[in-house]
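Start at 1 with the first residue, then count along the sequence. These numbers come from the heavy atoms of this one structure, side chains and all, not from hydrogens, waters or symmetry mates. Here the structure is a predicted model, which means the values were calculated and not measured.
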Amino acid sequence: MKYEHRVVAFIDILGFKALLNDTVDNKGNDDEAAIEAVVSAYEAIRDIWDLDTQLKLEDFGVSHASDSREVSIFSDCLVVSFLVDQPKEVFFTLIDIQLLIMNLLSRNILCRGAISIGKFIHTSKYLFGPALVEAYTLESKAALYPRVILDRAVIEAGIEHSSMSNNSSFDTNLINSLLKQDSDGMYYIDYFYGAQSELNDPEYDFPNYISNLGQIIRKGLMSASHHSKADIRVKYLWMRERYNDMIDIVTSKDAIENLESRGQFDLVNFYKSLKKISPNRYAKQLGVSAKKYNKAFKSDS
């Protein structure tokens, strides 16, 4: 047996231990609603990659011989991999991961991960190889925030094997449309403004998505206001900055005028009412000035 050259994504569901703790109350009784929330998270993962449908097809002797993708779920982690040279698979996997992040967010769950490329063996029975070690290391040491990062080599492989057009610039733009480059130089899958195009109704579903995302960040900052939870607070501060960048885009003069020109005044009213998430209220809880708070915890956008 030899290693295959594969793209490997390692994704960690954040706060999973807390989710499990909530499934049993202080008297040892099952909390059925909390258990259903955990089951729902697993179903969100399975639904993205149609794992149950695939298993049913295999039961009837139908296989996907041309599809090299493998997906493994264990506890709070997910591993997805496929052969590097499989056409269009980088692009479609990036979309699937973006949808996974969005589906988990709808359940108030965050995730973090990394995508690498290299030697790896991945079957339904086992998975191992240097590429997984690299993806795990990137997730635990470099991702830091609720984001799924990837190396430039993965992007280049996606462009090389895209087969989506005869125009390399077009293929590059398609893949880059799903990504943002962060202040540390890492590329991550954009689930802020970039999420809009993947919604069922991009224009009218986006307000609900924005509202839910803002609520998650505000609650996260409130719950992590104590200095003992600085590591958690930094994650939400990172999200706050990207959220505020998104608010700048959707409330810009051009964006509002575009909606008004199409008579979409309900959307105009919604976007005009949007507010950025201010650090001031959270700084007061810590007993420090907003200037000190930002200097201590702000990362450049």
Side-chain angles (χ1 to χ4, degrees), residues 8-52 70-81 93-94 96-116 122 124 126-128 132-150 188-189 191-192 195 209 212-226 228-240 242-243:
V8 182
F10 177 86
I11 300 171
D12 181 21
I13 300 175
L14 300 177
F16 193 73
K17 182 179 179 181
L19 283 175
L20 292 181
N21 288 341
D22 290 341
T23 59
V24 180
D25 64 23
N26 54 14
K27 295 182 180 179
N29 299 314
D30 293 352
D31 185 324
E32 293 186 32
I35 292 172
E36 286 298 323
V38 174
V39 171
S40 178
Y42 277 119
E43 288 179 344
I45 296 171
R46 300 186 71 85
D47 287 346
I48 292 295
W49 283 286
D50 294 324
L51 294 185
D52 294 315
E70 293 285 348
V71 181
S72 298
I73 305 172
F74 45 98
S75 185
D76 59 346
C77 299
L78 166 72
V79 176
V80 183
S81 80
T93 297
L94 291 177
D96 286 343
I97 293 175
Q98 184 185 53
L99 288 171
L100 172 66
I101 295 170
M102 293 164 62
N103 282 357
L104 290 176
L105 279 171
S106 71
R107 295 162 171 80
N108 300 322
I109 298 171
L110 305 178
C111 64
R112 182 179 62 211
I115 307 173
S116 67
H122 193 177
S124 59
Y126 40 75
L127 59 159
F128 62 89
L132 178 58
V133 175
E134 181 182 356
Y136 172 77
T137 302
L138 283 171
E139 183 275 326
S140 58
K141 303 294 184 182
L144 301 177
Y145 314 111
R147 59 179 182 170
V148 177
I149 61 174
L150 58 156
Y188 69 94
I189 297 173
Y191 59 92
F192 293 89
Y209 182 82
N212 183 58
L213 185 55
Q215 186 176 34
I216 289 171
I217 297 169
R218 289 183 175 93
K219 284 184 176 180
L221 288 169
M222 289 286 287
S223 64
S225 59
H226 193 270
S228 64
K229 296 182 178 180
D231 58 330
I232 298 175
R233 184 167 62 251
V234 167
K235 296 178 176 62
Y236 287 104
L237 286 170
W238 179 87
M239 293 180 71
R240 185 201 72 189
R242 278 78 199 159
Y243 177 88

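- Interatomic distance, N212 CG to M102 CE, rounded to the nearest 0.5 Å: 11.0 Å.
- At least one donor-acceptor pair under 3.5 Å links the side chain of D31 to the backbone N or O of A33.
- Side chain of K229 to main chain of S225: no donor-acceptor pair is present (N/O by atom type, distance under 3.5 Å, no hydrogens or angles).
- Side-chain atoms of I97 and I115, non-hydrogen and from C-beta on, do get closer than 4.5 Å to each other.
- Within a 6.0 Å radius of CZ in F16, more than 12 heavy atoms belonging to other residues, nucleotides or ligands are found.
- To the nearest 0.5 Å, atoms CG (L20) and NZ (K17) are separated by 10.0 Å.
- You'll find the side chain of L132 stays beyond 4.5 Å of the side chain of H122, heavy atoms only.
- In this structure N103 satisfies the side chain to side chain donor-acceptor pair (under 3.5 Å) test with no other residue, sequence neighbours excluded.
- Side chains of P146 and Y191 form a contact here, defined as non-hydrogen atoms less than 4.5 Å apart.
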Derivation of the side-chain contact (heavy atoms from CB on, under 4.5 Å) call for L221 and R240: CA-CA 9 Å; L221 288 169; R240 185 201 72 189; 4.3 Å; yes
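- Side-chain contact between Y236 and I216 is present, with at least one heavy-atom pair separated by less than 4.5 Å.
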Working for side-chain contact (heavy atoms from CB on, under 4.5 Å), residues L138 and L150: CA-CA 9 Å; L138 283 171; L150 58 156; over 6 Å; no
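- The main-chain N or O of S140 is never found under 3.5 Å from a side-chain atom of R112 such that the two would form a donor-acceptor pair.
- Here the closest heavy-atom approach between residue C111 and residue I101 is recorded as SG-CG1, 3.6 Å.
- Across every non-hydrogen atom of R147 and Y188, the tightest pair is CB-CB, 4.0 Å.
- Rounding to the nearest 0.5 Å places CD of Q215 at 12.0 Å from CG of L105.
- The main-chain N or O of S40 is found under 3.5 Å from a side-chain atom of R107 such that the two form a donor-acceptor pair.
- Contact record, A135 with A114: O-CB, 3.4 Å, taken as the closest heavy-atom pair.
- Rounding to the nearest 0.5 angstrom, the gap separating the CD1 atom in I149 from the CD1 atom in I189 is 10.5 Å.
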Derivation and outcome, side-chain contact (heavy atoms from CB on, under 4.5 Å), residues K235 and L110: CA-CA 10 Å; K235 296 178 176 62; L110 305 178; 5.9 Å; no
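- Residues L104 and A41 approach most closely at CD2-O, 4.1 Å, considering heavy atoms.
- Between F192 and W238, the two ring planes are perpendicular [angle over 60°; tilted spans 30° to 60°].
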Evaluation steps, side-chain contact (heavy atoms from CB on, under 4.5 Å), between I11 and I45: CA-CA 11 Å; I11 300 171; I45 296 171; over 6 Å; no
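- In this structure, the side chains of L237 and Y145 stay at 4.5 Å or more apart for every pair of heavy atoms.
- At least one side-chain heavy atom of L78 sits under 4.5 Å from a side-chain heavy atom of L100.
- Taking the side chain as every heavy atom from C-beta outward, D76 and L19 never approach each other to under 4.5 Å.
- Here the CG atom belonging to L213 is positioned 9.5 Å from the CZ atom belonging to R218, to the nearest 0.5 angstrom.
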